[in-house]
There are 2 protein chains.
Amino acid sequence: MPRTSAAVPRPRRITAAQVAELAGTSVATVSLVVNDKTAGRVSTANIERVRAAVDELGYVVDHTASSLARGTSNIVILIAPDLSNPFYGRVISGIKDELGSEFQLLLSITGEGRNPSAADVHRLIALRPAGILVEAPDDAFLRDLPAGAPLVLLDAPGRETQAVTVNFDLAHGINALLDHLAERGHTRIGYLDSRTRTETFELRRILVETGAAARGMEYVSRPEAASLIDPDAAAEAFLEHWPAWRESGVTALVCATDSHAYGVLKAARDLGVRVPEDLAVTGFDNLPASAIVSPALTTVELPGEALGRGAVRALQAQRLSPEPVTAPLLGATLIVRGSTA
Amino acid sequence: MPRTSAAVPRPRRITAAQVAELAGTSVATVSLVVNDKTAGRVSTANIERVRAAVDELGYVVDHTASSLARGTSNIVILIAPDLSNPFYGRVISGIKDELGSEFQLLLSITGEGRNPSAADVHRLIALRPAGILVEAPDDAFLRDLPAGAPLVLLDAPGRETQAVTVNFDLAHGINALLDHLAERGHTRIGYLDSRTRTETFELRRILVETGAAARGMEYVSRPEAASLIDPDAAAEAFLEHWPAWRESGVTALVCATDSHAYGVLKAARDLGVRVPEDLAVTGFDNLPASAIVSPALTTVELPGEALGRGAVRALQAQRLSPEPVTAPLLGATLIVRGSTA
DNA sequence: GTGTTATCGTAAAGCGCTTGACGTAATAAA
DNA sequence: TTTATTACGTCAAGCGCTTTACGATAACAC
């Protein structure tokens, strides 16, 4: 969008001065009242008068002027790689809930597997955000980021030392998943990784690998599929690797996300591989479609809403105290469906 | 999030004054240079000097102060009911692309079928947005909205008189769909509506109804299913209505969205209804999962990215000229897959 | 009565930037 | 040479709000 001057005239805005005039007070008093800082500074009579004037005129504090004066805006920034995966919808929903109506959520979408450029980061900081939430941060990004605003990382296990981080209890979920597979008699399991190399996927892979070993199962291989959004890439990866997997006796395939698992289900169908008889398939996330696909997908549910809420709470904790905040792990629970039954 | 005072100290910000000092000019000149308003006001020598100083200090114009002085921010607001449907991810992606890096996107999520309250609208206007994009606006919302910023409605056919609106060419897509169904010999078609009563769904229903009649087909009924997000509601609606549909000889079921169609596919499977042999099923949107479900879903693709792009372009057209802008209809194309084959 | 404390109000100094008005010098036109 | 024009720069007045510092008044104790 070009940054041309507007041809549309702006309407007159109702200012604190008008409210003050109507209420018969000063603008300072109006400010104190609308910001609830009246303790021992404004009489109840004046509070009432200002409130009445505010209602009558429909006055709303100008966010821009207020931000300039206070030195910080009421905007919270979410930096996320991509929104096409419905998982992020849940995260955003949780964030919004916890933010309440006082704060606004601004989105910085960077494209899958990427982080904002240094220039982008500067533009974001120029907003004087009340906080910054980051999904899948990379090192360069964290380095570029000036200490301009409270920062919280989402689903970035291993980065706890760099910033406050809110994580899922992946170990718990993956242990449940592997127990379930072991119980069903699987001894050789494959893993289909995501190509986006973020901490969460790194950890999922490692936990599956070590967990399998701990149960005396064989962990077979780790091809990567490109996309969290488009299952087709996973389908391709499956088509490519299935011969080798079958050869080595793989009977269960753990996928890095539900979306990847969808691609596998499709490719398996095309190939005549029966799920779960020939191959058990599992995912992560528990997207809505996972109950619909055929067979329905066994998956580790990751509570996206809770992630969003937790992130905002961590932000708020940071604002209240400068001491390092530790966020509790969020439950990751196994959901068993037809794809492993 | 409570609006408590921050405990975190803010770092000193680099101001235009520092740049001016380093460059040996006034802040006015700095402002002119960074905003590219140098024509006939600043010598090339000074432009260079300022640029160098900007680079050296890493100066970025403070968005808040700039917005206050200009009377408008660089924030574009998207008001959307829900983000869990991946369709919106595509819309947002299109918006971001077209906005470029100068403008920021702020999200106001309101919950399915709802619009922001008057108080919310005021808070949004207080941001002095450069523009407002609205998915699924309702009358009350449009009434509350002060003429504070350029407004564009997305996928709201019939509201063209109230504001600039960007729409899909639903008639084209639905005609293609009905032609396809007629060709396959279907003479009685059912319709599964969405419970959210927005213009786009109203129009889909009417076009299917009138289009069926025009082709000598019988349009059978119109139960509603609650959710665009969760296919389960559609599954329930199908379970409830299938006996009546079968009775009246319905052989094809058009669903208001892909998500609804997923629910139908699942319920049909549970019921032993074969798709497409006993019943053809179609949707709208062409979500990624539609190629994955079994059978793959015939659907009318609605280009979400184009919708986002178009909306931003309409916004920008409004900013440039006060005359009413008309946006072209965006193609809606039929995608034939197994669910009708 | 005086001194003390608590309560309440407001003036005014910013926050950092944009922009119209104005001044000056250099160049062109008369 | 005088006058008009053009090119550059800067001043300073905001934009609308927050908050500190200060004064005024009232209440209270002694």
Side-chain angles (χ1 to χ4, degrees), chain A residues 3-6 10-21 23-50 54 57 59-74 122-123 125-128 130 148, chain B residues 3-6 10-21 23-50 54 57 59-74 122-123 125-128 130 148:
Chain A
R3 199 176 159 174
T4 334
S5 58
R10 295 316 176 103
R12 268 290 13 86
R13 180 176 296 283
I14 291 159
T15 69
Q18 296 173 48
V19 176
E21 164 131 48
T25 67
S26 69
V27 296
T29 302
V30 172
S31 175
L32 292 173
V33 171
V34 297
N35 290 305
D36 268 332
K37 296 189 175 157
T38 53
R41 319 267 284 104
V42 186
S43 63
T44 40
N46 262 356
I47 294 179
E48 286 314 312
R49 251 182 239 117
V50 171
V54 165
L57 296 176
Y59 171 71
V60 179
V61 177
D62 184 87
H63 178 261
T64 307
S66 167
S67 299
L68 181 58
R70 284 180 301 133
T72 174
S73 75
N74 282 347
H122 280 129
R123 270 189 282 263
I125 295 296
L127 293 166
R128 302 166 174 250
Chain B
R3 198 175 160 176
T4 333
S5 58
R10 295 312 176 105
R12 266 288 18 83
R13 178 177 297 282
I14 290 157
T15 69
Q18 297 174 47
V19 176
E21 164 131 48
T25 67
S26 69
V27 295
T29 300
V30 172
S31 175
L32 292 173
V33 171
V34 296
N35 289 304
D36 267 332
K37 297 192 173 150
T38 52
R41 317 269 280 109
V42 186
S43 64
T44 40
N46 262 356
I47 293 179
E48 288 314 314
R49 249 181 242 118
V50 171
V54 165
L57 297 176
Y59 171 71
V60 178
V61 178
D62 183 86
H63 178 261
T64 306
S66 168
S67 298
L68 182 58
R70 285 179 302 132
T72 176
S73 75
N74 283 346
H122 280 127
R123 271 188 282 262
I125 295 297
L127 293 166
R128 300 167 174 252

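Per chain, numbering begins at 1; letters A, B, ... match sequence-line order. Here the structure is a predicted model, which is why all the values come from computation and not from measurement.
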Query raised in the report: So which heavy atom on Ser67(A) is nearest to which on Asn74(A), and how close?
Result: OG-N, 4.3 Å
Query - Nearest-nucleotide pick for Arg70(B), side chain only, options being dT10(D), dC17(C), dT19(C) - result: dT19(C)
**Report entry** Whole angstrom value for the distance that separates C1' of dC17(C) from CZ of Arg13(B)
**Finding:** 12 Å
Query raised in the report: Hey, which of these two, Ala69(B) or Ala39(B), hits DNA chain D nearer its 5' end, going by closest nucleotide?
Result: Ala39(B)
**Report entry** Any Thr29(A) side-chain N or O less than 4.0 Å from OP1/OP2 of dT10(C)
**Finding:** yes
Query raised in the report: Has Asn46(A) got a side-chain N or O lying under 4.0 Å from the OP1 or OP2 atom of dG9(C)?
Result: yes
Query - Donor-acceptor contact present, side-chain Thr64(A) to main-chain Leu68(B), <3.5 Å - result: no
Query raised in the report: So, does Asn35(A) use its side chain to make a donor-acceptor pair with the main chain of Lys37(A) at under 3.5 Å?
Result: no
Query raised in the report: Any idea which of dG16(C), dT10(D), dT18(C) is nearest the Leu68(A) side chain?
Result: dG16(C)
Report summary line: Separation of dC17(D) atom P from Asn74(A) atom CG, nearest Å, is 14 Å
Query raised in the report: Which atoms form the tightest heavy-atom contact between Asp62(A) and Ala126(B), and what is the distance?
Result: OD1-O, 3.9 Å
Query raised in the report: Leu127(A) has an atom CG; how far is it from atom P of dG16(C), in whole Å?
Result: 15 Å
Query raised in the report: Would you say the side-chain atoms of Arg128(B) pair up with the backbone N or O of Gly71(B), donor to acceptor, closer than 3.5 Å?
Result: yes
Query - Leu127(B) backbone acceptor or donor facing Ser73(B) side chain under 3.5 Å - result: yes
Query - Between dT7(C) (C1') and Ile47(A) (CD1): distance, integer Å - result: 12 Å
Query raised in the report: Do the side-chain N or O atoms of Ser66(A) get closer than 4.0 angstrom to the phosphate oxygens (OP1, OP2) of dC17(D)?
Result: no
Query - Nearest-neighbour nucleotide for the Arg128(B) side chain, dC15(D), dG9(D), dT10(C) considered - result: dC15(D)
Query - Degree of bending in the helix from dG1(C)-dC30(D) to dA30(C)-dT1(D) once both end axes are built from five pairs, to 10° - result: 50°
Query - Whole angstrom value for the distance that separates C1' of dC15(D) from NE2 of His63(B) - result: 14 Å
Query - Spacing of CG belonging to Leu57(B) relative to CD belonging to Gln18(B), to within rounding of 0.5 Å - result: 6.5 Å
Pull out every protein N or O sitting under 3.5 Å from an N or O of nucleotides 25-27 of chain D, one pair per line with the distance.
none

Query raised in the report: Under 4.0 Å between a side-chain N or O of Ser26(A) and OP1 or OP2 of dT10(C)?
Result: yes
Requested in this report: For the side chain of Val42(A), starting at C-beta, report the closest nucleotide among dG16(D), dG9(D), dG9(C).
Outcome: dG9(C)
Query raised in the report: Between Tyr59(A) and Thr15(A), what is the shortest heavy-atom contact and its length?
Result: CE1-C, 3.6 Å
Query raised in the report: Hey, are Thr29(B) and Ser26(B) close enough side-chain-wise for a donor-acceptor pair under 3.5 Å?
Result: yes
Report task. When you get a sec, tell me which of dC17(C), dG16(C), dT10(C) is the closest nucleotide to the side chain of Ala16(B)? Result -> dC17(C)
Query raised in the report: NA contact type, Ser31(A), heavy-atom cut-off 4.0 Å: base, sugar-phosphate, or nothing?
Result: base
Query raised in the report: Which comes earlier along DNA chain C counting from the 5' end, the contact point of Val30(B) or that of Ser43(A), where each point is its nearest nucleotide?
Result: Ser43(A)
Requested in this report: Consider the side chain of Ala28(B), meaning its heavy atoms from C-beta on, and name the nucleotide among dA12(D), dC8(D), dG14(D) that approaches it most closely.
Outcome: dA12(D)
Query raised in the report: Does any N or O donor sit under 3.5 Å from an N or O acceptor when you compare the side chain of Arg41(A) with the base of dG9(C)?
Result: yes
Report task. Verify, without hydrogens or angle tests, whether Thr38(A) (side chain) and Arg41(A) (backbone) share a donor-acceptor contact under 3.5 angstrom. Result -> no
Query raised in the report: Base, sugar-phosphate alone, or nothing: which one does Thr64(B) contact when heavy atoms must sit under 4.0 Å apart?
Result: nothing
Query raised in the report: Is a side-chain donor or acceptor of Glu21(B) paired with a backbone partner of Val27(B) at a separation under 3.5 angstrom?
Result: no
Query raised in the report: For the side chain of Leu32(B), counting heavy atoms from C-beta on, which of dT10(D), dG9(C), dT18(C) is nearest?
Result: dT10(D)
Report task. Write down the distance between OH (Tyr59(B)) and P (dG16(C)), rounded to a whole number of angstrom. Result -> 10 Å
Requested in this report: Specify the residue among Asp62(A) and Ala45(B) whose closest nucleotide of DNA chain D lies further upstream toward the 5′ end.
Outcome: Ala45(B)
Query raised in the report: Can you check whether Lys37(B) has a side-chain N or O nearer than 4.0 Å to OP1 or OP2 of dT18(C)?
Result: no
**Report entry** Side chain of Thr25(A) (C-beta onward), nearest among dT10(C), dC15(C), dC17(C)
**Finding:** dT10(C)
